[in-house]
Undergrad: 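Right, I'll just put the structure down here and ask away after.
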Amino acid sequence: MARAKLSRRIIAQTIAAKLLDDSAERGHWLMMAAAYLVETKQADRAEQLVLDIAREIQVQSGTLLARVISAHELTTELQDAIAALLAQKTGASEVRIDATVDAALLTGYVVRTPDYEMNTTAQQRLRQLRSLEASR
Amino acid sequence: MSTDLSVAELSKELQAAIEALRTSEGLQATGVVTRVGDGIAWIYGLSEAGFNEVVTIETKDGSTVEAFILNLMEDEIGAVLLSGDATVVAGANVRLTGKVLEVPVGPEMVGRVVDPLGRPLDGLGPINAKEISPIERPAPGVMARKSVHEPVMTGIMAIDTMIPIGRGQRELIIGDRQTGKTAIAIDTMINQKRQNTGIINVYVAIGQKLSKVAALVERLKREGVMDQTIIVATSPADPAPLLYLAPYAGCAMGEWFRDNKQHALIIYDDLSKHAVAYRQMSLLLRRPPGREAYPGDVFYIHSRLLERAAKLNDELGGGSLTALPIIETQAGDISAYIPTNVISITDGQIFLETSLFYQGIRPAISVGLSVSRVGGSAQTKAIKSVAGTLKLSLAQFRELASFAQFSSDLDPETKQQIERGQRLTELFKQRQYTPLSIAEQVVSILPTVNGVFDVVPAEKVHDAATDLSAVIAKNYKKLETKLNHGTKPEDEDIKTIMDEAKKVARSFAPAKKPKQEEQPKA
């Protein structure tokens with residue numbers, strides 16, 4: 001019997017559906033995903049699967065999961081502004097932000113969603129300046 | 001005036017608006033490199049990426065590297081790096097640019113040597129081109145075209161008389177290595193300068209040795225041709241993607257002139273290396289290999305390139321782009337995969353044979369296997385008037401050539417055909433970098449096909465033709481100018497040429513041996 005081809009997207013769709021279903025056992029499905037990654041020697045792509053799942057959650061429920069890494073603690077107003085911007089750009093009905101602080105960034109912050117990134121750190125600005133100089 | 005206006009408030013609102021613009025611009029679609037190697041970066045994410053879209057990859061040293069997307073798959077994207085992959089690492093961020101590959105185009109490119117991305121290689125400073133154009137563009141449609149009816153004079157007699165090329169035509173130059181393919185292309189470029197045609201040359205060196213490109217630039221400068229030439233150069237040391245892009249970039253530069261009521265000539269030297277570079281990229285992108293390991297769309301990479309060479313109709317300006325693609329064969333095999341592909345695309349081919357080359361017949365054009373599907377429509381009236389029976393005469397000569405060794409036993413007509421063919425073959429030999437004008441060609445061929453040069457030894461026909469051209473140039477300037485304009489010679493013009501040819505022929509004819517005097521009998 002021919003084996004159906006499993007793509008990461010199909011796995012993400014299934015797991016996202018289970019995570020959104022309150023009755024499903026979350027731990028069991030994450031273990032299944034982990035087993036698949038280990039068996040197919042793709043354990044180093046776990047982060048990509050997480051992003052795929054986050055994308056599918058947005059598609060299936062309209063909830064966008066975003067990470068914000070900033071040099072300093074973000075104020076509530078700024079977090080709300082980021083959430084509003086993300087909602088506007090992505091069409092998500094709800095935005096949940098997972099904020100962390102990384103002093104190594106010095107200034108600015110990085111907002112990451114499954115498909116987008118907004119980087120206002122000093123490092124990124126320097127990179128842009130360097131590219132501009134190289135293209136002259 | 002409103003009393004609510006406040007500088008501070010205005011400043012604050014403006015700053016907020018600026019900040020909003022910055023943050024909204026800052027939200028970019030990003031992906032991440034999962035693995036990289038052999039010039040290919042595999043990227044996760046970028047679900048909005050388009051085919052052929054340019055992406056920027058952040059490198060570990062803080063700079064960016066550009067790549068363009070060639071594989072769009074369900075789980076990942078394959079992007080081809082445009083420069084070295086040593087600084088790109090797995091985990092690097094990738095951003096979309098929203099653009100496809102573009103090159104600078106326009107008259108500012110003329111006289112410059114550039115790479116396929118339009119970056120100068122000649123050390124003459126930056127190019128301040130006012131326009132840019134996508135490297136890949138659709139070819140003109142049916143109604144945008146006009147039939148080919150103006151000639152591109154190569155200055156090579158064998159081509160201009162028997163395999164004429166027109167503006168907007170695609171004529172393939174095909175042969176083994178070291179048979180003079182590039183030499184034909186170079187002479188054609190030089191002739192555009194010598195005859196003041198105004199045609200802009202674009203020479204695309206695909207994987208050619210840089211020493212060869214340097215020698216070419218030097219030669220073109222010496223001949224004064226560089227002022228109307230653009231060179232797009234890639235060497236074997238360049239990444240395969242640059243070799244792949246080179247002909248499309250050159251074509252985009254040539255198209256600017258076509259679309260602006262001017263004429264351009266583009267030489268792709270050579271498309272065999274282009275196919276090999278594309279094969280390399282396709283195999284690394286894990287595309288399924290086909291015949292000779294080439295990908296399935298190897299025909300399409302050449303057909304869509306060559307279809308952009310066209311003659312536009314008068315409403316669109318009447319400009320043209322003529323293409324001379326070059327293909328290198330192995331052991332004279334023109335039935336191999338890539339040669340047959342390109343032969344079926346082009347409007348004719350000039351086939352160069354190694355055997356002819358080593359017999360001393362240079363350019364080593366095989367008249368029997370070479371053809372121009374445009375034919376007489378692309379010839380000037382002057383050339384057409386003398387070239388009518390040339391191909392037939394040479395074909396008949398080739399059939400009889402094996403009998404030449406028995407010449408003493410043949411009937412006079414056969415002997416004459418052989419002698420005439422030998423003289424024509426000698427006449428068509430031409431030194432490199434010496435393209436001939438229309439007048440020189442007409443004046444050389446007319447007496448040869450009409451038998452006036454039959455008294456000249458075959459090995460001296462070339463010199464006789466040269467002397468005759470010099471006489472006409474010196475004493476009959478009006479006739480020379482008339483012929484160079486392409487006007488068909490009238491009867492009195494023909495009489496003039498033939499009379500002078502007879503004088504020249506007499507000077508070259510071998511002296512008759514005097515009869516031995518009879519010795520008195522003892």
Side-chain angles (χ1 to χ4, degrees), chain A residues 5-13 40 42 44-52 54-56 58-59 64 66-68 77-78 81-90 108-136, chain B residues 16 18-35 42-49 54-66 72-77 82-83 87 89-97 99 102 104 117-120 125-128 132:
Chain A
K5 190 182 167 189
L6 270 182
S7 72
R8 222 173 42 228
R9 185 172 294 183
I10 292 172
I11 294 170
Q13 279 172 353
T40 56
Q42 294 185 74
D44 54 341
R45 299 198 185 178
E47 199 54 41
Q48 290 160 30
L49 183 60
V50 167
L51 290 172
D52 283 337
R55 189 180 294 116
E56 285 305 321
Q58 183 189 351
V59 166
L64 176 66
R67 280 187 203 167
V68 178
E77 288 82 15
L78 191 51
I82 291 171
L85 174 67
L86 290 174
Q88 185 216 342
K89 282 288 177 188
T90 61
Y109 51 86
V110 181
V111 177
R112 285 206 181 104
T113 71
D115 289 316
Y116 296 97
E117 182 186 276
M118 181 164 59
N119 191 331
T120 65
T121 60
Q123 189 186 39
Q124 183 63 12
R125 299 241 166 120
L126 282 171
R127 186 177 278 121
Q128 284 167 351
L129 282 169
R130 209 175 279 132
S131 297
L132 203 62
E133 196 55 40
S135 64
R136 282 199 188 148
Chain B
I18 289 170
E19 202 53 45
L21 273 175
R22 277 201 189 127
T23 50
S24 64
E25 274 175 7
L27 196 66
Q28 291 175 302
T30 54
V32 64
V33 173
T34 56
R35 60 187 196 280
W42 294 95
I43 299 163
Y44 164 83
L46 294 182
S47 51
E48 293 168 8
V54 177
V55 296
T56 53
I57 303 174
E58 293 166 4
T59 62
K60 56 185 179 187
D61 61 2
S63 58
T64 55
V65 162
E66 281 193 334
L72 289 168
M73 298 179 331
E74 190 180 10
D75 286 342
E76 62 186 351
I77 285 167
L82 287 170
S83 50
T87 51
V89 295
N93 260 1
V94 186
R95 294 169 198 279
L96 294 178
T97 61
K99 295 188 297 186
E102 294 170 328
L117 300 177
R119 298 178 296 212
I127 299 173
N128 300 316
I132 54 172

Undergrad: Heavy-atom distance under 4.5 Å to chain B: side chain of A:Asp44, backbone, both or neither?
TA: neither

Undergrad: I would like to know whether A:Arg67 and A:Glu47 meet salt bridge (charged side-chain N to carboxylate O under 4.0 Å, His left out); could you show each step before the answer?
TA: CA-CA 13 Å; A:Arg67 280 187 203 167; A:Glu47 199 54 41; 3.1 Å; yes

Undergrad: Please state whether the side chain, the backbone, both or neither of A:Gln124 comes within less than 4.5 Å of a heavy atom of chain B.
TA: side chain

Undergrad: Specify the closest pair of heavy atoms between B:Pro126 and B:Pro120, including all atoms of both residues, with the distance to one decimal.
TA: CA-CG, 4.3 Å

Undergrad: With a 4.5 Å cut-off on heavy-atom pairs, point out which of B:Arg119, B:Glu48, B:Glu76 contacts chain A the most.
TA: B:Glu48

Undergrad: As a quick check of understanding, evaluate side-chain contact (heavy atoms from CB on, under 4.5 Å) for A:Tyr116 and A:Leu86, giving each step before the final call.
TA: CA-CA 9 Å; A:Tyr116 296 97; A:Leu86 290 174; 5.8 Å; no

Undergrad: So what's closer than 4.5 Å to chain B heavy atoms on A:Leu51: side chain, backbone, both or neither?
TA: both

Undergrad: Quick one, A:Glu117 and A:Val110 - any side-chain contact, counting heavy atoms below 4.5 Å?
TA: yes

Undergrad: Check each atom of B:Thr56 against the heavy atoms of chain A and say whether the ones under 4.5 Å are side chain, backbone, both or neither.
TA: neither

Undergrad: Under a 4.0 Å threshold between the charged nitrogen and the carboxylate oxygen, would B:Arg95 count as salt-bridged to B:Glu58?
TA: yes

